[in-house]
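Here is the structure we will look at, set down as structure tokens.
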Amino acid sequence: MNSVFARFPDRLQSAIVSRLGWTSLRPVQELAGDKLLDGYNALILAPTAGGKTEACMFPLLAQMVEREPTGVGILYIAPIKALLNNQADRFHNYTEMIGLNRFLWHGDIKRSQKTAFIRNPTTVLMTTPESLEGMLISSSVPHQEIFADLRAIVIDEIHALAGSDRGSHLMSVIERLLRVTNYDVQRIGLSATVGNPDRILQWLQGTSRRSSCVIDPPLIPSRKEIRILFKDSQTAIVEQASLMARSKKSLFFCQSRALSEGIAAGMKLQGTDVFVHHSSVALEERTLAEARFQHGHNNCIVCTSTLELGIDVGDLDAIFQHQVPRTVSSFLQRMGRTGRREGQISNITFFVDNFDSLLHAIALVELARKHWVEPVAINDRNWAVLVQQLLAMTMQFGAVSPEDCWQQLSIVPDFQGINRTEFDRLIRHMLDTNYLYMTGGLLSIGTQTEKVFGRKNFIALYAVFSTPANYEIHTLAGQHIGSLDQQFVSTLTPEKTCFLLGGRAWIANFIHHPERKVDVTAAPQGKKPKWGGFILDILSWEICQEIASILRSTDNISYLDSNAQIALTNCRIDLGRHTDNKIYWDSARATWWTFAGLRINQALKYGL
């Protein structure tokens, strides 16, 4: 069978061989290349570092070389800015080596650079969903000129968007954008393994009339090393993790910023070279942590989910997990960051300190061994995003008829469960509450929308999720440390409260509420810091049913340490009898161990 490489233009072939030094393509790249060159829409599945980016970009760039677009030809969308920044150099290399170029557009890019792009658009544009809508709404961006020759849209980490408000928002923005293009634009989604790829592909397809397919090459069996260690305290976890992290490059995932800060501070006291990576840490600190990894330094980055979504920090030796990620998908994503070098074993070590986390961790591993991954639920009645899009369209066009709004929005998969009668009722309600204003049969922004969203040029309308106001944290010398959300800042007492940020302890000296700024100094050693709360675990039916199965079993589990095995035995003694789905009565109450998951239990609660 001939390789798809032979279908690439000579210029791209030469660049791949001479500039990248490649001698062959991976299976996912062979499969995807043929389908994309044949014009298919596609969902491309592969593990972290499995070659998904090249699988889509090489055939798309091949088409750009053969017929260079006027304006943007490829739109690459990522869910977070950090992933865009991380991919920027790679995309620069791939475009530059064949005489094309790319541009990065998000909130941190200077206005002068954006102005230069508007005057001379690049072949590839990299952006986020919210920044893309910002471009549509902006009167200074000539959409028709920039996007009329758009040929392809690539959505990276699509599983992180599908089924969410941000995914609904993105699909709506894409359909609005496509009204100014000249083609049935090719759509490509990139994802790790998901439970229902055909449904996600259908969602991605939208109004496109192209043929579509899922690219899911067989996984090559590889060795994996999984350990669950049961410790009696966070101090014990820190001590063990510090020993295991020595002379290695590792990531330590935590389920909250609170835990990541506490773990990092403890590991530093143990002499471990540690960085902290989460959304409240300053960009400079996060970038430094990523750069040290990529340049071969042996240290541990303690992080939240910010390093789960495809951000490349180079080859890793070990993955640690404090307690448990919520899903099998997250577990596989995180473990998949290791084992990328030939001969290396993919590995993860769970550190748990309670029975709930122990059972949850075992359930995730056992479900993964059965090749089960969570399906993504697509919502076709997303009222919140529909309201946001109505307001955004009035911003984009100045005034627009209800009929035009219906025609543009009713085709979006996430709104197709809403009928015209319901839509018209929503319009009347928004008129009655002054969020919309009608004159001459056209809708425009109402006085209430201006009152609620009008500050800073309606920037709050660009995002469909509620982003809490952040306070910037600075030392008295002016060094930027990071940011804290408003809810946490409201708990600080100046001159008294100590908190962790960037792996260090600080005292809040003064809070400037109008400027959203907090001045801090380093906390004296021994001063106990605080942080915000924890996030409720939302367990699914499948995970809870697997826990019940584990409790009923008497088998030893090989990847547990001795303490974890003893803890599991105690769990089976205490809870095993409750897996029979009976209601237990005593004089004061009835207890029903359903093992059915949070959603079903909440439905039962409200029903009862």
Side-chain angles (χ1 to χ4, degrees), residues 46-50 192-193 195 219-231 236-246 248-255 259 263 300-303 305 307-308 315-374 537 539-540 542-547 549-551 553-569 571-572:
T48 302
T193 302
L219 292 176
I220 300 173
S222 61
R223 292 180 60 196
K224 296 177 175 59
E225 186 177 276
I226 299 170
R227 288 173 288 191
I228 299 179
L229 310 184
F230 195 93
K231 299 295 179 181
I237 290 174
V238 165
E239 291 174 353
Q240 182 67 42
S242 297
L243 286 173
M244 296 176 67
R246 274 183 196 157
K248 292 181 180 178
K249 291 170 65 176
S250 58
L251 294 182
F252 198 149
F253 284 99
C254 299
Q255 290 306 98
L259 286 171
I263 293 290
C300 180
I301 297 182
V302 182
C303 56
S305 59
L307 284 179
E308 183 180 310
D315 293 323
L316 291 164
D317 300 307
I319 296 294
F320 305 128
Q321 171 70 54
H322 185 282
Q323 309 300 13
V324 198
R326 287 174 181 76
T327 64
V328 174
S329 176
S330 287
F331 155 56
L332 292 175
Q333 282 269 95
R334 296 175 185 191
M335 183 172 65
R337 291 209 162 268
T338 56
R340 291 164 51 178
R341 295 194 301 266
E342 187 174 348
Q344 189 189 51
I345 299 173
S346 183
N347 68 89
I348 188 170
T349 300
F350 292 88
F351 294 97
V352 301
D353 60 11
N354 61 78
F355 292 162
D356 291 346
S357 293
L358 171 65
L359 293 171
H360 189 177
I362 297 171
L364 294 186
V365 175
E366 293 303 308
L367 286 169
R369 292 175 68 177
K370 297 173 184 176
H371 306 291
W372 182 88
V373 182
E374 291 82 7
D537 277 332
L539 300 187
S540 67
E542 291 83 2
I543 289 174
C544 290
Q545 288 292 293
E546 188 63 31
I547 289 173
S549 177
I550 292 163
L551 290 171
S553 174
T554 58
D555 295 340
N556 285 337
I557 296 177
S558 60
Y559 48 83
L560 303 184
D561 74 348
S562 57
N563 289 336
Q565 188 61 60
I566 292 169
L568 175 60
T569 300
C571 286
R572 286 169 168 170

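Computation of the quantities below employed the complete heavy-atom set of this structure, encompassing side-chain atoms and omitting hydrogens, waters and symmetry-equivalent molecules.
Here the side chain of S346 pairs a donor or acceptor atom with the backbone of M335 at under 3.5 angstrom. The backbone N or O of I550 lies less than 3.5 Å from a partner atom in the side chain of R572, making a donor-acceptor pair. A donor-acceptor pair under 3.5 Å is absent between the side-chain atoms of N563 and the main chain of L229, judged by distance alone. The closest donor-acceptor contact from the side chain of S242 to the backbone of V238 lies under 3.5 Å. Of the possible donor and acceptor atoms, none in the side chain of S250 sits under 3.5 Å from a partner among the backbone N and O of A245.
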(request) Apply salt bridge (charged side-chain N to carboxylate O under 4.0 Å, His left out) to E225 and R227, showing your working. (result) CA-CA 7 Å; E225 186 177 276; R227 288 173 288 191; 3.5 Å; yes
(request) For the pair Y559 and F350, evaluate ring pair (Phe, Tyr, Trp, His ring centres under 6.0 Å) and give the outcome as yes or no after the intermediate values. (result) CA-CA 10 Å; Y559 48 83; F350 292 88; 8.4 Å; no
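Heavy atoms only, all atoms of each residue included: L316 and I319 are closest at CD1-CD1, 4.0 Å.
Between H322 and F252, the two ring planes are tilted [angle within 30° to 60°].
Contacts classified as salt bridge (charged side-chain N to carboxylate O under 4.0 Å, His left out) and involving residues 357-368 (residues at least two apart or in different chains) are given here: E366-R369.
In this structure the side chain of Q323 reaches within 4.5 angstrom of the side chain of D353, judged on heavy atoms. Within the 4.5 Å cutoff, no side-chain heavy atoms of I348 are placed close to those of T338.
By the side-chain hydrogen bond (donor to acceptor under 3.5 Å, both in side chains) test, E374 pairs with no residue at all, sequence neighbours left out.
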